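This report refers to the structure that appears directly beneath it.
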Amino acid sequence: MGEILRYNVQHIGDIVVGGVERMFDGVKRSTWGITTTYNIHDLERRRAQLVRKIGVELVEVRTASPELEVFNNDKLNELFTKLDTLDTRIAAHRQEREQRLNPIYQTDDTVEEAPAV
């Protein structure tokens with residue numbers, strides 16, 4: 001009994017630091033999940049703005065010269081490329097969030113469906 005108490009007193013700092021580290025690990029994971037969700041919302045907002053810009057540009061091109069091919073427009077091609085990039089980033093963030101929310105159902109690179117309850 002005395003040796004255990006002596007050991008605990010000598011190593012109380014290690015015990016406290018270990019507890020604090022475990023607490024902060026949970027806080028970091030939670031904060032990371034919140035940040036990922038905010039990133040998804042921001043990217044979705046940017047995507048909506050980009051879709052509106054594409055719509056405005058399409059109307060302008062079709063109004064100015066309806067006989068021209070719409071997809072030969074460099075500005076529209078650039079906007080569609082940005083849209084594809086945003087869609088890829090949104091999908092990556094959603095997959096990351098899903099992996100963080102359901103780490104139990106992960107296998108290698110795939111995420112299994114959660115069982116119905």
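No experiment lies behind these values; they were computed from the predicted model shown.
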Verify same cluster id: Met23, Trp32 (apolar side-chain graph, 4.5 Å)
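Not linked; separate clusters.
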If hydrophobic clusters are built from ILVMFWY residues whose side chains come within less than 4.5 Å, do Leu86 and Leu79 share one?
yes
What distance do [X] atom [atom1] and [Y] atom [atom2] have between them, rounded to the nearest 0.5 Å?
X     : Y     : atom1 : atom2 : answer
Leu58 : Lys75 : CG    : NZ    : 11.5 Å
His41 : Ile90 : NE2   : CD1   : 11.0 Å
Thr81 : Glu78 : OG1   : CD    : 7.5 Å
Thr35 : Ile40 : OG1   : CD1   : 11.0 Å

Under the side chain to side chain contact (heavy atoms under 4.5 Å, CB included) test, residues paired with Leu83 that sit two or more places apart
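For Leu83, the residues satisfying side chain to side chain contact (heavy atoms under 4.5 Å, CB included) (neighbours in sequence not counted) are Arg47, Leu50, Val51, Ile54, Phe80, Asp87.
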Heavy-atom side-chain contact between Arg52 and Val56 under 4.5 Å:
no
Is the shortest side-chain heavy-atom distance between Arg46 and Arg89 below 4.5 Å?
yes
How close do Arg97 and Thr36 get, counting heavy atoms only, and between which atoms?
CB-CG2, 3.9 Å
Check against salt bridge (Lys or Arg N to Asp or Glu O under 4.0 Å), Lys53 and Glu57
CA-CA 6 Å; Lys53 283 182 185 178; Glu57 186 66 23; over 6 Å; no
With the threshold set at 4.0 Å, does a side-chain nitrogen-carboxylate oxygen contact exist between Glu98 and Arg94?
no
Under 6.0 Å from the CZ atom of Arg45, do we count more than 12 heavy atoms belonging to anything else shown?
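Yes, CZ of Arg45 has more than 12 neighbouring heavy atoms, counting only those of other groups under 6.0 Å.
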